[in-house]
Each structure stands twice: as structure tokens, then as C-alpha cells.
Student: 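So that we are looking at the same thing, I have put the structure below in C-alpha cells.
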There are 2 protein chains.
Amino acid sequence: MALEDVEHCEDFCVHEDRIQRANEKMPDEDELYDIAELFKVFGDSTRIRILYVLFESELCVCDLAQTLNMNQSAISHQLKILKQAKLVTGRREGKSVFYSLADDHVRTIIDQGREHIEE
Amino acid sequence: MALEDVEHCEDFCVHEDRIQRANEKMPDEDELYDIAELFKVFGDSTRIRILYVLFESELCVCDLAQTLNMNQSAISHQLKILKQAKLVTGRREGKSVFYSLADDHVRTIIDQGREHIEE
DNA sequence: TCTATATATGAACAGATATTCATATGAAAA
DNA sequence: TTTTCATATGAATATCTGTTCATATATAGA
């Protein structure tokens with residue numbers, strides 16, 4: 001859609017100053033995309049459950065699958081997404097791979113979300 | 001899938017104590033679902049952009065559409081989702097409806113996400 | 001080496017989601 | 001009341017996403 005095609009309301013409603021100010025402080029496209037991508041990772045209850053389990057201690061894929069009562073493949077797929085988002089890290093120990101939380105933002109973000117809900 | 005059907009690894013890998021501890025602290029199904037639902041709302045760059053714009057000042061739907069260069073219907077649909085998640089509130093003034101951030105969790109959550117990315 | 005076990009991954013499919021289009025609703029002005 | 005403008009919403013569609021199934025890879029042990 002071309003910029004000039006965007007419909008807009010009459011003089012009363014358009015606040016040029018506010019629009020301009022908003023655009024100045026807006027992060028660039030790439031960053032907005034990255035932020036949304038990060039929250040997308042938190043936006044699935046299987047992944048939230050994995051993170052909650054890892055709050056307690058590191059676990060291998062098999063433990064995670066058993067705890068969450070899901071098959072190993074589904075867990076592996078989700079772990080891959082969590083790893084790409086740098087929310088978890090894996091460490092191989094023989095045949096097993098143990099996963100743990102990558103940093104403390106995970107906890108903070110989930111806690112904030114939980115706080116928002118409980119209002 | 002029945003519980004007994006879940007595949008699991010041999011003695012080495014299963015850590016019953018850890019699994020039990022993890023399950024004890026796990027929020028119940030409803031809450032896990034709600035948390036995921038909330039983050040799902042943050043997991044879309046259009047909605048993130050709307051929230052960033054509202055960081056600066058309240059705006060009517062038309063202003064939002066123009067600022068983000070999107071059509072009014074798309075913005076209205078997204079505002080509905082944001083409103084349901086109690087992230088924004090609307091106030092009618094004549095023909096226009098002005099939207100603003102519902103509370104400060106919005107800022108905190110997005111800031112935390114941004115922090116995590118910039119590492 | 002060959003076998004068994006733990007994890008990873010590609011393909012397929014079902015279900016969810018964002019945008020667009022058309023239209024309805026709500027409010028103000030004529 | 002009728003018209004006009006701002007917003008809301010249902011339906012349709014294209015795209016994306018999570019799970020499953022089958023299979024590949026990696027490691028340890030025989």
C-alpha cells in the first residue's frame with residue numbers, strides 16, 4: 001500500500017505533532033521485528049511450561065518430555081526455538097543433552113507477564 | 001496421548017526428584033495458558049508498533065492508522081486484541097476513540113524484551 | 001565394527017492468525 | 001431525519017505455527 005493511499009480522518013482527528021513525536025522514538029523496523037519475534041517465543045504454553053520446569057533445575061530432553069507428557073520430537077523442536085532465542089542453552093553429557101535457562105531475563109519477563117494477569 | 005505411552009529414556013537420564021520438584025512449582029494449566037496468551041499479544045510487530053506509538057501519547061484510531069501506514073480495519077482488529085489483553089484502553093470523544101496504554105507493565109515487559117535482545 | 005540409546009530434524013498436516021474487503025454501528029452535523 | 005465521518009466487526013484468504021511421523025545424527029557399549 002502506498003503511503004498516499006492511506007485513508008485518514010479529517011482535520012479534527014489528525015494530530016501531526018503527536019504522530020511525528022511517536023515516529024521519532026519508534027525503534028527501527030529490524031528491532032521491532034526482533035522484539036515481536038522474542039515475545040512470540042514466550043507465546044506458546046508448551047514453551048512456557050519448558051521454561052518453568054527449567055526454573056527448578058537443568059534437565060535432559062527425555063526428562064522434559066516425561067515431565068510435560070509430550071513426545072521427544074515435539075520437545076526437541078521447541079527447545080530449538082528457545083535456543084535460537086537464547087532463552088535456554090544445552091550442554092551435552094554423553095548421549096544426553098541437558099538444557100538450562102540462558103539468563104535471568106527469562107524469569108523477569110515471565111514474572112512481569114504473570115503480574116499483569118493477576119490484576 | 002496416554003501417560004503410560006510417553007516414551008522415556010533409561011535409568012541414567014530420568015531424574016525423578018527433579019521432575020517432581022518441577023511439577024510442584026508449575027502453575028496450573030489455566031494460568032500457563034493465560035501467560036502464553038498474553039505474550040502472544042506482544043508477539044506481533046504491528047501490535048508492538050501500536051504500543052510504542054502509545055508510549056508517547058494517546059491517539060485515535062485514525063492517527064494510529066496513518067502513523068503506522070496501515071488501513072483502519074487492520075488497526076481496529078489489533079486494538080481489539082490489545083484491549084482484550086488489557087494492554088490498552090479506549091475512550092470515546094465524539095466520533096473518535098482515543099487509545100492509551102492501560103498500565104505500566106506494558107513498558108516494563110517490552111523494555112525487558114529489548115534488553116534481552118541487546119546482548 | 002555393529003547395536004542400542006538420546007537427541008535432532010525434515011516433511012506433512014491441522015489449526016491458528018493477520019490482513020483485506022465489505023459492511024455495520026455510533027456519533028455529529030446538515 | 002438524512003448524511004457524513006470514525007470506528008468496529010464478520011467473512012474470506014493467505015500465511016504461519018505446533019505436533020506427529022519417519023528418519024538422521026551422535027555417543028556409548030559390546
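Keep in mind that what you see is a predicted model, and the values were worked out from it rather than measured.
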Student: Treating B:Arg107 as the side-chain partner and B:Phe55 as the backbone partner, does any N or O pair qualify as donor plus acceptor under 3.5 Å?
Tutor: yes

Student: Are the ring of B:His77 and the six-membered base ring of D:dT9 within the stacking cut-offs of under 5.5 Å and under 30°?
Tutor: yes

Student: Rounded to whole Å, please give me the gap between CD in B:Gln84 and P in C:dA18.
Tutor: 12 Å

Student: Could you tell me whether the phosphate oxygens of C:dA8, OP1 or OP2, come under 4.0 Å of any side-chain nitrogen or oxygen in A:Gln72?
Tutor: no

Student: What nucleotide among C:dA8, C:dA6, D:dT19 has an atom nearest to a side-chain atom of A:Val97?
Tutor: C:dA8

Student: Using whole Å, report how far CD of B:Gln66 lies from C1' of D:dC5.
Tutor: 15 Å

Student: Examine the side chains of A:Gln72 and A:Ser76 and answer whether a donor and an acceptor come within less than 3.5 Å of each other.
Tutor: yes

Student: Could you tell me how far apart B:Gln78 (CD) and D:dT9 (C1') are, to the nearest whole angstrom?
Tutor: 13 Å

Student: What are the two closest non-hydrogen atoms of A:Ala85 and B:His116, and how far apart are they?
Tutor: O-NE2, 3.0 Å

Student: Should the pair B:Arg92 and B:Phe98 be classed as cation-pi, given the thresholds of under 6.0 Å to the six-membered ring centre and 45° from the axis?
Tutor: no

Student: Which nucleotide in the list D:dT7, C:dA27, C:dT9 gets nearest to the side chain of A:Ser76?
Tutor: C:dT9

Student: Can a donor-acceptor pair under 3.5 Å be found between the side-chain atoms of A:Ser73 and the base atoms of C:dT9?
Tutor: yes

Student: Any ion pair linking B:Glu119 and B:Arg114 (charged N to carboxylate O, less than 4.0 Å)?
Tutor: no

Student: Pairs of donor and acceptor atoms involving the side chains of residues 34-44 of chain A, under 3.5 Å and at least two apart or interchain, shall be tabulated with distances.
Tutor:
| unit_1 | atom_1 | unit_2 | atom_2 | d |
| --- | --- | --- | --- | --- |
| A:Glu37 | OE2 | A:Lys40 | NZ | 2.9 |
| A:Asp44 | OD2 | A:Thr46 | N | 3.0 |
| A:Asp44 | OD2 | A:Arg47 | N | 3.1 |

Student: May I have the distance from B:Phe98 (atom CZ) to C:dA27 (atom P), rounded to whole angstrom?
Tutor: 15 Å

Student: For B:Arg92 and A:Gly94, find the nucleotide of DNA chain D closest to each by heavy atoms; which residue's nucleotide sits nearer the 5' end?
Tutor: B:Arg92

Student: Nearest to the side chain of A:Met70, heavy atoms from C-beta on, is which of D:dC5, D:dT19, C:dT7?
Tutor: D:dT19

Student: So with a 6.0 Å cut-off around CD of B:Gln84, is the heavy-atom count from everything else above 12?
Tutor: yes

Student: Round to the nearest Å and state the distance from B:Ile75 atom CD1 to C:dC21 atom P.
Tutor: 15 Å

Student: Is there a side-chain contact between A:Tyr99 and the phosphate of C:dA6, meaning an N or O under 4.0 Å from OP1 or OP2?
Tutor: no

Student: Taking atom C1' of C:dT9 as reference, at what distance in whole Å does atom NZ of A:Lys83 sit?
Tutor: 11 Å

Student: Nearest whole angstrom, please: distance from the P of C:dT19 to the CD1 of B:Ile81.
Tutor: 9 Å

Student: Please report the distance, rounded to the nearest Å, between CG in A:Leu79 and C1' in D:dT19.
Tutor: 14 Å

Student: Look at B:Lys80 and D:dT9 and indicate whether a side-chain polar atom (N or O) is within less than 4.0 Å of OP1 or OP2.
Tutor: yes

Student: Any residue in residues 35-58 of chain B with a heavy atom nearer than 4.0 angstrom to DNA chain C? Just list them by number, or reply none.
Tutor: B:Lys40, B:Asp44, B:Thr46, B:Arg47

